[in-house]
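Just so it is clear, the values below take in all heavy atoms, side chains as well, and ignore hydrogens, waters and symmetry mates. Numbers here simply count residues along the sequence, with the first being 1.
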Amino acid sequence: MDLTELERLIESGIPDAEATVTQPRGPEDDDHLAAEVVSPAFEGKRLVEQHEMVYDALGDRMTTDIHALDVRTETP
């Protein structure tokens, strides 16, 4: 799985986002990922809304390529 592509999807789906996607368990477990996303678009949104924005940006990848995603969101 191309982590750079996932970062690009998140960044294009969330205004002014900076995303970093990693494989915390190593490359042999490529369907368990972690994403850190920073965007001013998260301002005033509840944590669940912020995470939904990330899932929405990833679209079908959340059901076809990604088994688990640990999401951490922040505002700048």
Closest non-hydrogen atom pair between Met53 and Ala41, with its separation: CE-CB, 3.9 Å

From Ile10 atom CD1 to Thr73 atom OG1, the distance as rounded to the nearest 0.5 Å: 11.0 Å

CD (Glu49) with more than 12 external heavy atoms under 6.0 Å: yes

Non-hydrogen side-chain atoms of Gln23 and His32 separated by less than 4.5 Å: no

side-chain contact (heavy atoms from CB on, under 4.5 Å) evaluation trace for Leu58 with Asp65: CA-CA 10 Å; Leu58 290 169; Asp65 298 329; over 6 Å; no

Under-4.0 Å salt bridge between Glu5 and Arg8: yes

Shortest non-hydrogen contact between Pro15 and Ser39, atoms and distance: O-OG, 2.6 Å

Contact summary for Ala34 and Pro24, nearest pair of heavy atoms: N-CD, 3.8 Å

Interatomic distance, Met62 atom CE to Leu6 atom CG [nearest 0.5 angstrom]: 10.0 Å

Minimal non-hydrogen separation, Ala57 against Gly13, with atom names: CB-CA, 4.0 Å

Salt bridge (Lys or Arg N to Asp or Glu O under 4.0 Å): pairs with one or both residues in residues 67-76, sequence neighbours excluded: Glu36-Arg72, Arg72-Glu74

hydrophobic_cluster_shared for Val54 and Leu47, side chain cutoff 4.5 Å: no

Val37 and Thr20: CA distance, side-chain angles, deciding distance, side-chain contact (heavy atoms from CB on, under 4.5 Å) verdict: CA-CA 7 Å; Val37 186; Thr20 303; over 6 Å; no

Thr75 side-chain N/O to Glu43 backbone N/O, donor-acceptor pair under 3.5 Å: no

OH on Tyr55 to OG1 on Thr63, rounded to 0.5 Å: 13.5 Å

Pairing residues for Glu52 by the salt bridge (charged side-chain N to carboxylate O under 4.0 Å, His left out) criterion, not counting sequence neighbours: none

Closest non-hydrogen atom pair between Leu9 and Ser12, with its separation: O-OG, 3.1 Å

Crowding at CG, Asp2 (>12 non-hydrogen neighbours, <6.0 Å): yes

Backbone N/O of Val21 and side chain of Glu7: donor-acceptor pair under 3.5 Å: yes

Ile14-Val38 co-clustered via ILVMFWY side chain contacts under 4.5 Å: no

